[in-house]
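Keep in mind that the numbers below use all heavy atoms, side chains included, and drop hydrogens, waters and symmetry copies. So you know, we letter chains A, B, ... as the sequences are listed, proteins then strands, and number each from 1.
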Amino acid sequence: MSKFYITTPIYYINGEPHIGSAYPTIASDVLARYHRLKGDEVYFLTGSDEHGGKIAEAAEKAGKTPQEFVDELSAKFMECWDELNISNDDFIRTTSQKHKTGVVKLVEKLKANGAIYEGEYEGYYCQGCEAFVTEKDLVGGKCPTHLTVPQMISEKNYFFNLKKYLPELERKIDTGELKILPEHKRNEVLGLFKQEIGDFSISRSSLKWGIPLPFDESQVVYVWADALSNYITALGYDSDDEKFKKFWPADVHIVGKDIIKFHCVFWPAMLMAADLPTPKAVYAHGFFTVDGQKMGKSIGNVIDPFNLLKEFGTDATRYLLLSQFPFGQDGDIKASQFVIQYNSDLANGIGNFASRVLSMAEKYFGGAVPAKNNELKNQVAEIWKSYTDALENFQVDGAISAIRKLNQLGDGYVEINKPWELAKTDETRLSEVVYNLLEVLRHLGLMLYAVMPETAEKILASLGQQNFYAQNFDLLSSWGVLEQNTKTEKISGLFPRIQ
RNA sequence: CGCGGGGUAGAGCAGCCUGGCAGCUCGGCGGGCCCAUAACCCGCAGGUCGUCGGUUCGAGUCCGACCCCCGCAACCA
């Protein structure tokens, strides 16, 4: 039994949870559930990034203190994950005491190891925003919100000596000691090393809403040093030694492609500087457009996960989001496609298959599993292989393809064998066919568990397999687990059609 | 010369790394079936794979040039 530590990004909560944060969270949940089913000891972490100027600003706009503001929003995120049936083991908040002490210890360690030096940060500073702005933010040389010309000022900052760690880091990425996936993202990161990568500042004096720097309390730990640390502070870096030792390094950080550089360069370098192992893999997922356009409030095409949940329910929402395009690539989501796909894959596909198979068992055998038969053993084993291969490589969409294939195998098998005719002519053959169908349904349920846990449980329960996750996975995924005379029960309305 | 993604059937996508029958889902059309959630199965139509050139016995795939679209990202460290 091995361990599996998987993380999502921690979301910057200056707004409500939306589909952009739900997507990687669901995908990570699928991977976490798969590994648990396999028997791995899993630690699945998500959380919220709650410091920084933007949050202070948003809080002020809402007439709240920053702490009140993030308390409310982080609760919203937790509620959303709860409704999506996310099985995270912890939800790390960067304003939590556990995190703060961890960050302080990490920064002290970096300082002690000589990885931090004092320097000057130069940039345009907008008095109105009370923050540094980049030239890109300016409109006609002025701050777009305050319509003033920002001043070029410099302040004392503490810098992280990134350069010192780059050659060793490049080697790790090159040799695959730190895997960056998908492949093209790895090339992108290696490309960064060919350009100049400058040291970055890990503190700010102009910010108030953050963690005070232990060796200079006039400064605050700058966001990235603060946020990235969550992956170790959640495990109790320097406070809960046992948990930390057991799960660190992370097996995979699931990240958005916008934050690759921070996760593949800054973060591993910081870890190296603190004498800690680097993560085994960073997996970057893609972004999506909605109906061909970038999702945005101004366009009005934002998809709210709570609305999807209301319309389709937890399991279908999970399925629909993950099946739009390959995980790890960009793609487009069409709102109109959801209903179509729900009906075809879930109602007509999985729901109907479960329904037809279980009612045959009921009708022809009085709801008892007939004698075993191995006719579909090899075909199902092959589909399992594509399923596990996909998930071992974080290809969540590949698992969905395997599920579809198994569903098709089952439906096709019904047509070929025509049980309704066998019922009149050949009782023995009928029992073989129905056994095979029930066993296919069991495998389908098992494969569904990672993606649609509630549906999986319903299907497996209908076959008398309530305690499936407590069992040995190799056995469980092999053919012929369903014992003769096991009681079956019909399910109704697994996925009712949507008109 | 900032960086990245992309252009393959009516729609959405895979295939390209590692060249060898152009594939999947939805939709359309036709047929079959009656176990099932008006579900399921089979077949058909539909593509000069963005353009031009090159390499090759063979190019969607490799090389070069060009055209066009999108993003720099989830509301913004």
Side-chain angles (χ1 to χ4, degrees), chain A residues 9-12 14-24 49 51-55 58 131-132 136-137 183-185 187-188 191-192 195 200 204 207 210 222-228 256-262 266 286-299 302-303 323-326 329-334 336-337 340-341 343-364 397-398 400-401 404-405 407-408 410-423 430 433-434 437 490-498:
Chain A
I10 51 172
Y11 303 105
Y12 198 65
N14 58 350
E16 307 241 328
H18 52 87
I19 200 172
S21 32
Y23 177 65
D49 183 6
H51 287 130
K54 300 276 183 184
I55 280 177
F132 284 98
K136 230 171 61 181
D137 298 327
E183 184 101 6
H184 62 272
K185 299 295 180 198
N187 296 335
E188 203 177 315
L192 288 176
Q195 301 163 27
F200 62 95
R204 274 298 145 83
L207 273 178
Y222 195 40
V223 276
W224 279 108
D226 178 348
L228 288 165
K257 62 180 195 167
D258 54 328
I259 51 177
I260 286 180
K261 186 176 166 187
F262 302 104
F266 293 2
F287 285 144
F288 42 78
T289 49
V290 174
D291 294 322
Q293 284 181 298
K294 181 184 163 177
M295 186 171 66
K297 267 179 197 156
S298 46
I299 305 170
V302 175
I303 298 178
S323 57
Q324 297 307 304
F325 55 86
Q329 291 186 39
D330 290 348
D332 187 49
I333 284 184
K334 289 208 178 310
S336 58
Q337 193 64 27
I340 293 168
Q341 200 169 3
N343 281 335
S344 98
D345 283 9
L346 301 181
N348 300 349
I350 292 163
N352 181 56
F353 180 69
S355 168
R356 72 197 302 204
V357 169
L358 289 167
S359 78
M360 279 183 227
E362 189 76 33
K363 186 182 252 175
Y364 303 135
D397 53 289
I400 287 177
S401 305
R404 277 200 193 120
K405 206 169 286 171
N407 191 165
Q408 277 164 13
D411 273 330
Y413 187 76
V414 173
E415 298 303 323
I416 291 166
N417 290 288
K418 303 190 189 351
W420 51 92
E421 279 178 20
L422 293 175
L430 177 67
V433 168
V434 171
L437 286 171
K490 288 174 80 166
I491 313 181
S492 61
L494 212 46
F495 295 106
R497 299 196 109 239
I498 297 173

Enquirer: Distance check, C1' atoms only: B/C49 and B/A9, in whole angstrom units.
Expert: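 Their C1' atoms lie roughly 11 Å apart.
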Enquirer: Is A/Tyr23 touching bases, backbone alone, or none of the nucleic acid, heavy atoms closer than 4.0 Å?
Expert: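 Result for A/Tyr23 = nothing.
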Enquirer: Nearest nucleotide by nearest heavy atom, which residue falls closer to the 5' end of RNA chain B, A/Lys185 or A/Glu421?
Expert: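 Per heavy-atom nearest nucleotide, the more 5' residue is A/Lys185.
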Enquirer: To the nearest 0.5 Å, how far apart are CG in A/Asp226 and CG in A/Asp49?
Expert: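 Interatomic distance, A/Asp226 CG to A/Asp49 CG, rounded to 0.5 Å: 6.5 Å.
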Enquirer: Please state how far atom CD in A/Gln341 lies from atom C1' in B/C24, giving the value in whole angstrom units.
Expert: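 Those two atoms, CD and C1', are 12 Å apart.
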Enquirer: Polar atoms only, N or O, under 3.5 Å: list the protein pairs with nucleotides 6-15 of chain B and their distances.
Expert:
unit_1 : atom_1 : unit_2   : atom_2 : d
B/A14  : OP1    : A/Gln329 : OE1    : 2.5

Enquirer: With sequence neighbours excluded, what pairs up with A/Ser355 under the side chain to side chain donor-acceptor pair (under 3.5 Å) test?
Expert: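 Checked A/Ser355 against side chain to side chain donor-acceptor pair (under 3.5 Å); zero matches.
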Enquirer: Distance between the P atoms of B/G20 and B/G58, in whole angstroms?
Expert: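 Roughly 15 Å separates the two P atoms.
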Enquirer: For A/Tyr222, which residues count as a ring-ring contact (aromatic ring centres under 6.0 Å, His included) partner, sequence neighbours excluded?
Expert: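 For A/Tyr222, no residue satisfies ring-ring contact (aromatic ring centres under 6.0 Å, His included) once neighbours in sequence are set aside.
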Enquirer: Look at all strands and tell whether A/Lys363 reaches a base, only sugar-phosphate, or nothing, counting heavy atoms closer than 4.0 Å.
Expert: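 A/Lys363: backbone/sugar contact only, no base atoms under 4.0 Å.
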Enquirer: Tell me every residue that passes side chain to side chain donor-acceptor pair (under 3.5 Å) with A/Glu415, counting only those two or more places apart in sequence or in another chain.
Expert: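 For A/Glu415 the side chain to side chain donor-acceptor pair (under 3.5 Å) partners, ignoring immediate neighbours, are A/Arg356.
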Enquirer: With C1' as the reference atom in both, quote the distance from B/G28 to B/G12 in angstrom, rounded to an integer.
Expert: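 Each nucleotide's C1' atom is 16 Å from the other's.
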Enquirer: In chain order, what residues pass the side chain to side chain donor-acceptor pair (under 3.5 Å) check against A/Arg404, with sequence neighbours excluded?
Expert: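 In terms of side chain to side chain donor-acceptor pair (under 3.5 Å), with neighbours along the sequence ignored, A/Arg404 is linked to A/Asp345.
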Enquirer: Suppose we screen for side-chain contact (heavy atoms from CB on, under 4.5 Å). Which residues come up paired with A/Pro9, at least two apart in sequence or across chains?
Expert: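 Partners of A/Pro9 by the side-chain contact (heavy atoms from CB on, under 4.5 Å) criterion, ordered by chain and then number, come out as A/Tyr11, A/Ile259.
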Enquirer: When the P atoms of B/U25 and B/G6 are considered, how many whole Å apart are they?
Expert: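 The answer is 23 Å between these two P atoms.
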Enquirer: A/Tyr413: what forms a ring-ring contact (aromatic ring centres under 6.0 Å, His included) with it, not counting sequence neighbours?
Expert: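 Counting only residues at least two positions away or on another chain, A/Tyr413 forms no ring-ring contact (aromatic ring centres under 6.0 Å, His included).
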Enquirer: Considering only atom C1', compute the distance from B/C66 to B/G7 and round it to an integer number of Å.
Expert: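 Taking atom C1' in both B/C66 and B/G7, they lie 14 Å apart.
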Enquirer: Among residues at least two apart in sequence or on other chains, which ones pass ring-ring contact (aromatic ring centres under 6.0 Å, His included) with A/Phe200?
Expert: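 With neighbours one apart ignored, the set is A/Phe160, A/Phe266.
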Enquirer: Could you pull out all residues at least two apart from A/Asn417 that satisfy side chain to side chain donor-acceptor pair (under 3.5 Å)?
Expert: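 If we apply the side chain to side chain donor-acceptor pair (under 3.5 Å) test to A/Asn417, skipping adjacent residues, the hits are A/Arg429.
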Enquirer: Among all residues two or more places apart in sequence or in another chain, which pass the side-chain contact (heavy atoms from CB on, under 4.5 Å) test with A/Ile498?
Expert: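 A/Phe312, A/Val339, A/Tyr342, A/Asn343.
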Enquirer: With rounding to whole Å, what would you report as the distance between B/C68 and B/A22 at their C1' atoms?
Expert: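 Those two atoms are separated by 24 Å.
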Enquirer: B/C29 and B/G10: how far apart are their C1' atoms, nearest whole angstrom?
Expert: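 Approximately 13 Å lies between the C1' atom of B/C29 and that of B/G10.
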Enquirer: Hey, what are the protein-to-nucleotides 37-46 of chain B N/O distances that come in under 3.5 Å?
Expert:
unit_1 : atom_1 : unit_2   : atom_2 : d
B/U37  : O2     : A/Phe495 : O      : 3.4
B/U37  : N3     : A/Phe495 : O      : 3.0
B/U37  : O4     : A/Gly351 : O      : 3.1
B/U37  : O4     : A/Phe495 : N      : 3.2
B/A39  : OP1    : A/Arg497 : NH1    : 2.8
B/A39  : OP1    : A/Arg497 : NH2    : 3.2
B/A39  : O5'    : A/Arg497 : NH2    : 3.4
B/A39  : O2'    : A/Asn352 : OD1    : 3.1
B/A39  : O2'    : A/Asn352 : ND2    : 2.6
B/C40  : O2'    : A/Arg356 : NH1    : 3.0
B/C40  : O2'    : A/Glu415 : OE2    : 2.9
B/C40  : O2     : A/Glu415 : OE2    : 3.1

Enquirer: Using the P atom as the reference point in each nucleotide, state the distance between B/C34 and B/G19 in Å, no decimals.
Expert: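 One P to the other, the span is 49 Å.
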Enquirer: So what does the secondary structure string of RNA chain B come out as, 5' to 3', with Watson-Crick or wobble pairs under 3.5 angstrom, [ ] for crossing and | for pairs with another strand?
Expert: .(((((((.[[[[.)....(..]]]].(((((.......))))).....[[[[[..)....]]]]])))))).....
